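Report on the structure given below.
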Amino acid sequence: MPKLSAGLLLYRVREGVVEVLIAHPGGPFWARKDDGAWSIPKGEYSDGEVPWVVAQREFEEELGLPVPAGPRIDFDPLKQPSGKVITAFAVEGDLDITDAHSNTFELEWPKGSGTIKEFPEIDRVGWFPVAQARVKLLKGQRPFLDQLMSALAD
């Protein structure tokens with residue numbers, strides 16, 4: 001069975017332009033990567049958990065901010081190049097990210113050194129117009145932008 005992940009793509013419309021809130025992963029592997037490295041806030045879950053509940057929990061853990069109340073758009077799940085399946089949702093909300101802060105994880109760094117260091121799961125978040133987010137996002141998550149724009153056009 002593939003790994004399962006659930007996430008939330010927050011969006012807003014500013015002067016007719018749709019913007020999405022995406023996150024840059026923390027830790028040394030991602031430190032020098034930008035385009036093609038960002039992600040929607042998401043996290044893994046076990047079969048039997050409710051993806052919407054997981055998506056909200058992961059959003060709050062990774063941003064340290066509550067999920068805005070707003071209408072929800074359910075996206076079709078996407079299988080990633082790794083085989084993981086992401087179930088994602090979109091919610092409209094103009095969230096102030098000034099105080100965003102992530103939970104952390106521990107990692108031996110440098111690898112093989114025996115030194116354990118703590119890193120933020122997410123080192124920054126930002127609002128991006130969809131066209132720019134398409135460049136920033138991991139390739140496997142870009143179809144969520146298409147699903148969002150299609151839903152907003154209906």
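In this text, all values refer to a predicted model and were calculated from it rather than measured experimentally. Quick note: numbers below take in every heavy atom, side chains included, and nothing from hydrogens, waters or symmetry partners.
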Mark yes or no for whether [X], through its side chain, and [Y], through its backbone, hold a donor-acceptor pair below 3.5 Å.
X    : Y    : result
Q141 : I40  : yes
E108 : G114 : yes
R142 : R134 : yes
E106 : I116 : no
K33  : F29  : yes
W38  : V135 : no
S102 : L63  : no
Q132 : P129 : no

Heavy-atom pair with the smallest gap, counting every atom of [X] and [Y]:
X    : Y    : result
P68  : G93  : CB-CA, 4.2 Å
P51  : T87  : CB-CG2, 3.9 Å
L95  : W127 : O-NE1, 3.1 Å
L138 : S39  : CD1-CB, 4.2 Å
P25  : D123 : O-OD2, 3.4 Å

Q) Should E58 and K42 be marked as a salt bridge (Lys or Arg N to Asp or Glu O under 4.0 Å) after you check the CA-CA gap, both sets of side-chain angles, and the distance that decides it? A) CA-CA 5 Å; E58 293 297 326; K42 63 173 180 43; over 6 Å; no

Q: List the steps and the verdict of side chain to side chain contact (heavy atoms under 4.5 Å, CB included) for L9 and Q147.
A: CA-CA 11 Å; L9 182 62; Q147 290 186 50; over 6 Å; no

State, yes or no, whether a side-chain contact exists between [X] and [Y] at a heavy-atom distance under 4.5 Å.
X   : Y    : result
V20 : V130 : yes
R57 : E49  : yes
K84 : E44  : yes

Q: Could you tell me whether K117 sits above the aromatic face of F119, with NZ or CZ closer than 6.0 angstrom to the six-membered ring centre and within 45 degrees of the axis?
A: no

Q. In terms of hydrophobic clusters joined by side-chain contacts under 4.5 Å, are L137 and F128 together?
A. yes

Q. Do you reckon M1 sits in the same ILVMFWY cluster as V54, going by side-chain contacts under 4.5 Å, direct or chained?
A.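 Yes; V54 is reachable from M1 via cluster members.
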
Q. Mind checking whether F75 and F144 have parallel, tilted or perpendicular rings, split at 30° and 60°?
A. parallel

